[in-house]
Amino acid sequence: MVNTSKKRQWKHVALLSLAISLSAGLQAAEWKPAKPVEFYVPSGAGGGTDQFARLVQSIIVKHKLMDQNIVVLNKAGGSGAEAFVEIAGAKGDPNKIVFGTNNAYLLPLVVKLPYKFEQLVPVALMAQDEFLLWVPEDAPYKTAKEFLDAARANPSAFRMGGAQSKDTDQTLNELINKANNLKLTYIPFKSGNEVATQLAGKHVSANLNNPNENISQWRAGQVRPLCVFSKERMRYTEKVTATMSWGDIPTCRDSGANIDDYHMPRAVYMSAGATPEQVDFYVKLLKRVSETQEWKAYLNVNALQQQFMSGGEFKKYIESDEAKARSIFSTAGWLVK
């Protein structure tokens, strides 16, 4: 009887300990913001990253995916570095996250900045954005090859517009120059929205905007795409203009630009001081956003590739992308010494 009683006591203690352990684990996994959350955007209003952040905000609010309010803050200084510096310095503040592209980890390679990418933690990649070569509607070029041949013959007459300096747009411009034996002059602007306006006004010869950044001007008959920097044509077949869909645009390789593939991630980062539970909260939140009809409609309208990565998969993607970019930066002489 004594042994049986002791066994019951030990069993009770073991079950109690297990319950406490499970309760503690559950509480840790259920972390959520206790005050308003700030979404930082490393570009001006109206650009692709700004639209990305504000859409995520609107979906969270509409579907009540989070209890706290959300404030979107545009910090475009230093080619967007201002926003990353803010988040890198926000160690211990999980109520601040930053929306960006691969600029989060590529900027420190080319500009001396008061932050290193190690001070940020990747949260999630939510989509891959296409790049297109755009020209004014009345430009005489019908293909990318015709445009590049004209630029090669008279380089001083051509200026390529793009968002930010030594960022994704200018990196693509360097790729174009290298692959096609060109010297296209690159003109940086604060955002893709501003670049679109500059092209519509014919202040630049072409730009390298994402689909959503030039879509209004395309529909208005002010600009048109020559090609998309992708291995395959975009899968979206619904008409954007009266005569064309995204899927009607040829690839740049087929159009004579000698570049197979160039994409940009739409991603979210936090301060490296965030706990695994805090990062996990935002991963799950963003995953729920990516499953809504509003997000799927956004991908369709703006011709983005649907893709969601987090954790180790996202980190491997970053390592591979950084290695490719580092090679380009080295050739261009951009690497910070």
Side-chain angles (χ1 to χ4, degrees), residues 43-52 54-55 127 129-151 153-154 157-164 168-170 172-173 176 182 184-230 232-257 259 262-264 266 297-305:
S43 65
T49 303
D50 182 62
Q51 294 177 38
F52 168 36
R54 292 181 189 278
L55 175 71
D129 215 337
E130 305 280 5
F131 275 90
L132 291 88
L133 174 62
W134 300 85
V135 295
E137 172 60 34
D138 60 357
Y141 328 109
K142 302 303 180 184
T143 66
K145 184 178 186 304
E146 289 181 6
F147 170 81
L148 296 174
D149 286 346
N154 188 14
F158 288 80
R159 300 192 304 169
M160 182 71 79
Q164 309 291 5
T168 49
D169 292 17
Q170 190 172 8
L172 178 53
N173 189 73
I176 293 171
L182 289 170
L184 279 169
T185 299
Y186 178 83
I187 308 297
F189 296 94
K190 290 183 179 180
S191 71
N193 184 55
E194 185 177 347
V195 179
T197 301
Q198 293 293 323
L199 181 62
K202 300 181 183 179
H203 303 297
V204 291
S205 309
N207 74 25
L208 298 169
N209 265 355
N210 307 123
N212 66 332
E213 293 173 326
N214 268 16
I215 189 171
S216 296
Q217 289 79 8
W218 188 26
R219 284 175 171 158
Q222 298 172 315
V223 304
R224 58 185 167 84
L226 290 181
C227 65
V228 58
F229 293 92
S230 186
E232 298 178 351
R233 292 193 180 204
M234 290 180 276
R235 64 183 181 86
Y236 301 102
T237 57
E238 183 178 344
K239 296 298 181 185
V240 179
T241 69
T243 59
M244 289 187 69
S245 70
W246 294 115
D248 292 325
I249 301 168
T251 68
C252 290
R253 168 64 71 179
D254 290 344
S255 191
I259 295 175
Y262 190 82
H263 289 90
M264 179 175 70
R266 293 290 177 188
Y298 166 73
L299 296 180
N300 184 66
V301 169
N302 297 290
L304 281 88
Q305 288 189 16

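Only heavy atoms go into these numbers, but all of them, side chains included; no hydrogens, no water, no symmetry mates.
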For the [atom1] atom of [X] and the [atom2] atom of [Y], what is their distance to the nearest 0.5 Å?
X      : Y      : atom1 : atom2 : value
Leu133 : Leu148 : CG    : CG    : 7.0 Å
Leu226 : Cys252 : CG    : SG    : 8.0 Å
Tyr186 : Gln164 : OH    : CD    : 7.5 Å
Thr197 : His203 : OG1   : NE2   : 9.0 Å
Thr241 : Met244 : OG1   : CE    : 6.5 Å
Glu238 : Ser245 : CD    : OG    : 9.0 Å

Polar side-chain atom of [X] near backbone of [Y] as donor-acceptor pair, under 3.5 Å:
X      : Y      : value
Arg224 : Glu137 : yes
Gln222 : Ala200 : no
Trp134 : Pro211 : no

Least distance between heavy atoms, [X] atom then [Y] atom:
X      : Y      : answer
Ala206 : Val135 : CB-CG1, 4.1 Å
Asn214 : Ala196 : OD1-CB, 3.0 Å
Phe229 : Leu132 : CE1-C, 4.1 Å
Trp218 : Ile249 : CH2-CD1, 4.1 Å
Trp246 : Ile215 : CZ2-CD1, 3.8 Å
Ser255 : Ala144 : OG-N, 2.9 Å

Mind checking whether Glu213 and Val195 have side chains closer than 4.5 Å, heavy atoms only? no

Student check: side-chain heavy atoms of Ile176 and Leu208 closer than 4.5 Å: yes

For Lys239, I'd like to know if atom NZ has over 12 heavy atoms of other residues, nucleotides or ligands within 6.0 Å. yes

By salt bridge (charged side-chain N to carboxylate O under 4.0 Å, His left out) - contacts of Asp129 (at least two apart): Arg266

How would you list all residue pairs meeting side-chain hydrogen bond (donor to acceptor under 3.5 Å, both in side chains) that involve residues 139-148, not counting sequence neighbours? Lys145-Asp149

Modelled atom types, side-chain donor and acceptor of Gln305 and Glu130, under 3.5 Å: yes

In Leu182, Leu172, Leu184, Asp169, the residue satisfying side chain to side chain contact (heavy atoms under 4.5 Å, CB included) with Met160 is Leu184

According to side-chain hydrogen bond (donor to acceptor under 3.5 Å, both in side chains), who are the partners of Asn302, at least two apart in sequence or on a separate chain? none

Taking only residues two or more places apart in sequence or in another chain, which ones pass side-chain hydrogen bond (donor to acceptor under 3.5 Å, both in side chains) with Ser43? none

Identify every side-chain donor-acceptor pair in residues 187-194 under 3.5 Å, counting partners at least two apart or on other chains, and give the distances.
| residue | atom | partner | partner atom | Å |
| --- | --- | --- | --- | --- |
| Ser191 | OG | Asn193 | N | 3.4 |
| Ser191 | OG | Glu194 | N | 3.2 |
| Glu194 | OE1 | Lys190 | N | 3.4 |

Can we say Arg233 and Asp254 salt-bridge, meaning some charged N sits less than 4.0 Å from an Asp/Glu carboxylate O? no

Steps toward side chain to side chain contact (heavy atoms under 4.5 Å, CB included) verdict (Gln51, Asn212): CA-CA 9 Å; Gln51 294 177 38; Asn212 66 332; 3.2 Å; yes

For Tyr262, enumerate each residue passing the ring-ring contact (aromatic ring centres under 6.0 Å, His included) test, keeping only those at least two apart in sequence or located in another chain. Phe131

After noting the C-alpha distance and the side-chain angles of Val228 and Met234, does the key distance pass the side chain to side chain contact (heavy atoms under 4.5 Å, CB included) rule? CA-CA 8 Å; Val228 58; Met234 290 180 276; 4.1 Å; yes

